[in-house]
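To keep things clear, I will list the structure first and then write my remarks on it.
All chains are named by letter (A, B, ...) in the order of the sequence lines, taking the proteins before the strands, and each is independently numbered beginning at 1. Atom set for the values below is all heavy atoms of this structure, side chains included, hydrogens, waters and symmetry mates excluded. Every value quoted in this text rests on a predicted model; they were computed, and no experiment measured them.
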2 protein chains.
Amino acid sequence: MFALGFERHGATQYIRDEILHMAARIEDVAAHAGVSVKTVSRVLNGYTNVRANLRARIETSIKDLNYVPNASARSLAGNRSYLVALLYDNPTAVSSYIMDVIVGVLQACDGTPYNAVLHPFDAADDLAARIDGFVAQHRPDALVLVPPHANNARLLQRLHELDIRYSTISSKLRESCIDIGFDERKAAADIVGHLLSLGHQRIGHVTGLKGHGARTWRHSGYRDALRKAGIAYDESLVVDGDFTFAAGVAAARTLLDHDRPPTAIFAANDDMACGVMREAYERGLTIPGQLSVCGFDGTPVSQLISPGLTTVRQPCREMGCAAVESVLQAIRDPAMRQQERLPYQLQLRESSAAPGKS
Amino acid sequence: MFALGFERHGATQYIRDEILHMAARIEDVAAHAGVSVKTVSRVLNGYTNVRANLRARIETSIKDLNYVPNASARSLAGNRSYLVALLYDNPTAVSSYIMDVIVGVLQACDGTPYNAVLHPFDAADDLAARIDGFVAQHRPDALVLVPPHANNARLLQRLHELDIRYSTISSKLRESCIDIGFDERKAAADIVGHLLSLGHQRIGHVTGLKGHGARTWRHSGYRDALRKAGIAYDESLVVDGDFTFAAGVAAARTLLDHDRPPTAIFAANDDMACGVMREAYERGLTIPGQLSVCGFDGTPVSQLISPGLTTVRQPCREMGCAAVESVLQAIRDPAMRQQERLPYQLQLRESSAAPGKS
DNA sequence: TTTTTAATTGACAGCGCTTGTATATTTGGC
DNA sequence: GCCAAATATACAAGCGCTGTCAATTAAAAA
């Protein structure tokens, strides 16, 4: 007879599964169900032209044998990898933004045959070449890009050349065929509107990093709200930031040293808002009594800090999820175009109140 | 002649690479270098019995053609996936802890032929079965487990049965052959020692969630420090927590309502420390003037909050990195055992000071 | 019923790589 | 210069799956 370890058919089925703990193969399922391998493959891949009774029998066999298709074999034969790659930058410090997006991406893959590969790429000059290498190795069926890569026109161009489906999150570029985001401009206007409705007249703004869509959109929203309230835009109340805590501290210093300092500050993200709160703390200013502070993003810190930070909850997880779902659709329908705007949430907490009130 | 799209050899090399953007195959490299496929394979897989001049020529060809081996084909043929899977729980909320570990894991894979697959598994009863499915699908060469899965004896047992190499991070179990961590007990003792050295005599402690090694170790460290300072352990100063902000708030309430409230509180993680700070804030207590607070973990919030939170920086990234490196070694040497303790850092910030001082 | 057409199923090749066997070539020690 | 050891080649097989296309079956039409 055959050596046990190598025999793989018929009678030794029991031995393979129960004793050798070897995973079942499609061939085993086919034998168990009494059909051809190809038919099992059809069921696995969601083809509809399999008669109901056969389909049921096959599905039972799959369950009985605990069969799960081997991803590598599938990928090799089908010229599809069942991989969605998430490309982000800054390998050394993952922001809570990216973290949340990742959660959404993984969530969207769950229950599908697709899996996520995460890959940090720093924004080097040879980015396109490095993407080529990455693609050659993994052949991802789709990519999801977050800023700043989502704003890299050369990169998108290269992906078009390679004919790889991708979706972006919060991209500034019109080249992106599928983009997921939310109305940042309106959200910023909403939160500044909230400060205005509390009675604030002089509202400072700390902007985001140049080149990011977020900087532009949030700044525009700030201006929109002021305009709507009939308050003149005062350039001296707007300070450049770069999304870091330190920038928030520095900006707060500038704003609080102003001849007529603002009674509220809207920072373009939560980290900078924390920096503003730090500077207020150092100066012994009470929040919101002497200064109201608002952030943007809804990172975990906004809940943990005291007082709780008023902010906009950005739907990061939902965006990650939607980005994957859309791009998977686009695999089937390459002509697909989509600009999806997801709902955001104003998160009113204790850091904002009427001016002069404790 | 041949149809362009299908011709793959010799003269059409240029066409394939430059125009069709098709990735090179091992066969192309062999042709380019004028050697056999097998020899290229040897170089790729690090066999030493290839003469230097051939090796150099092949490596040049690889670079010239931008050749990257197809991961699926390699995995299928070689019965190795070059995949390291990171299993963690709680799919809906990735902690900054996990995120940092992920960064370390990805970093460790960078430059090796290995890649990381992330997979959240909630701690369900059928965990072992779901792991089986995951393993059947991806055939990871190695796994990295973080708590709580790292403490799941049945799971580790199953991995032994499946003969899959794994490493754990901060596991409580002695079954784990490779475990990476740091001396949490000593770190906790250090930070409590810091409070003692500032002159605090009554120090409260908010513990972690039951079942976690972190709870036990940090609590033991707390007791160690008190014992060393000759201070009697006072059970009424220790309150159960579960690592959440809300638990920190609740615990602070209990401790601050104490007949003789503590002058300092050591929370078993940063989130709970933030909860303690929130309750102090609500009561108008100044930190560190009227209450010193220490956390544990060194999450981003510890820097962003005001005053800055004194804490222990847990070497998450380094642990993720080390866990991968060790488990990859273990693939070569299955008998390997390792209990690695990495250095941690006391992060002294403004939330701790001498009692009664502002 | 028989013929035509459509839907379902199966046999087989092959995805790109690694491994093994068998054979050929080179190298260096004496 | 010869012989053994080290290195390289050719070739075939096969990893587990899917694509192509032909064979079969069922349904519709005659």
(message) In this structure, how many angstroms lie between the P atom of D/dG16 and the OH atom of A/Y67, rounded?
(response) 10 Å
(request) Using heavy atoms to find the nearest nucleotide of DNA chain D for A/A73 and B/G34 separately, return the residue whose nucleotide is more 5′. (result) B/G34
(request) Working to the nearest 0.5 Å, report the span between CG of A/L159 and CG of A/N152. (result) 9.0 Å
(request) Find the distance B/R51:CZ to D/dA8:C1' and express it as a whole number of Å. (result) 7 Å
(message) For A/Y82, does the six-membered ring have the charged nitrogen or CZ of A/R74 within the cation-pi criterion, i.e. under 6.0 angstrom from the centroid and within 45° of the normal?
(response) yes
(request) May I have the distance from B/R25 (atom CZ) to C/dT18 (atom C1'), rounded to whole angstrom? (result) 16 Å
(request) Return no unless some side-chain N or O of B/S72 is found under 4.0 Å from OP1 or OP2 of C/dG16. (result) no
(request) Choose from D/dT9, C/dC17, C/dG10 the nucleotide whose nearest atom is closest to any side-chain atom of B/I26. (result) C/dC17
(request) Compute whether any side-chain donor of one residue and acceptor of the other, for B/N115 and A/H119, lie under 3.5 angstrom apart. (result) no
(request) Return the nearest nucleotide to the side chain of A/N49; candidates are C/dC17, C/dT9, D/dA8. (result) C/dT9
(message) Expressed as a whole number of angstroms, how long is the span from A/L76:CG to D/dC15:C1'?
(response) 9 Å
(message) Does C/dC15 have its OP1 or OP2 closer than 4.0 Å to a side-chain nitrogen or oxygen of B/N70?
(response) no
(message) With a 6.0 Å cut-off (strictly less than), is the heavy-atom count around CG of A/N79, excluding the residue itself, greater than 12?
(response) no
(message) To the closest 0.5 Å, what do you measure between CG (B/L328) and OG (B/S167)?
(response) 8.5 Å
(request) Would you indicate, yes or no, if D/dA8 has its OP1 or OP2 atom less than 4.0 angstrom from a side-chain nitrogen or oxygen of B/T39? (result) no
(request) Confirm from the modelled atom types if B/R139 and D/dG16 form a donor-acceptor pair under 3.5 Å, side chain to base only. (result) no
(message) Quick check on D/dG16: is either OP1 or OP2 less than 4.0 Å from any side-chain nitrogen or oxygen of A/R74?
(response) no
(request) Find which nucleotide of DNA chain C each of B/R42 and B/A77 is nearest to by heavy atoms, and output the residue with the more 5' nucleotide. (result) B/A77
(request) Please work out if A/R80 contacts a base, only the sugar-phosphate, or nothing of the nucleic acid, heavy-atom cut-off 4.0 Å. (result) sugar-phosphate
(message) Can you tell me which nucleotide in D/dA10, D/dC17, D/dG19 comes closest to the side chain of B/S36?
(response) D/dA10
(request) Look at the side chain of A/V37 and decide which nucleotide, out of D/dC17, D/dC21, D/dT18, has an atom nearest to it. (result) D/dT18
(request) Could you pull out all residues at least two apart from A/H149 that satisfy ring-ring contact (aromatic ring centres under 6.0 Å, His included)? (result) none
(request) Any chance you could measure B/H138, atom NE2, to B/S81, atom OG, to the nearest 0.5 Å? (result) 9.5 Å
(message) Just by distance, no angles: are the side chains of A/Q329 and A/E325 close enough, under 3.5 Å, to form a donor-acceptor pair?
(response) no
(request) Dot-bracket for DNA chain D, please, read 5' to 3', with Watson-Crick or G-U wobble pairs under 3.5 Å on both distances, ( ) within the strand, [ ] crossing, | other strand, . unpaired. (result) .|||||||||||||||||||||||||||||
(request) Nearest whole angstrom, please: distance from the P of D/dT24 to the NZ of A/K38. (result) 18 Å
(request) Take the protein atom CG of B/L54 and the nucleotide atom C1' of C/dT27, then report the distance between them rounded to whole Å. (result) 13 Å
(request) Figure out the CD/P separation between A/E27 and C/dC12, and round it to whole Å. (result) 14 Å
(request) To the nearest Å, give me how far apart CG (A/N53) and C1' (D/dT25) are. (result) 13 Å
(message) If the cut-off is 4.0 Å, is B/Y47 near the phosphate of C/dT19, judged by side-chain N/O to OP1 or OP2?
(response) yes
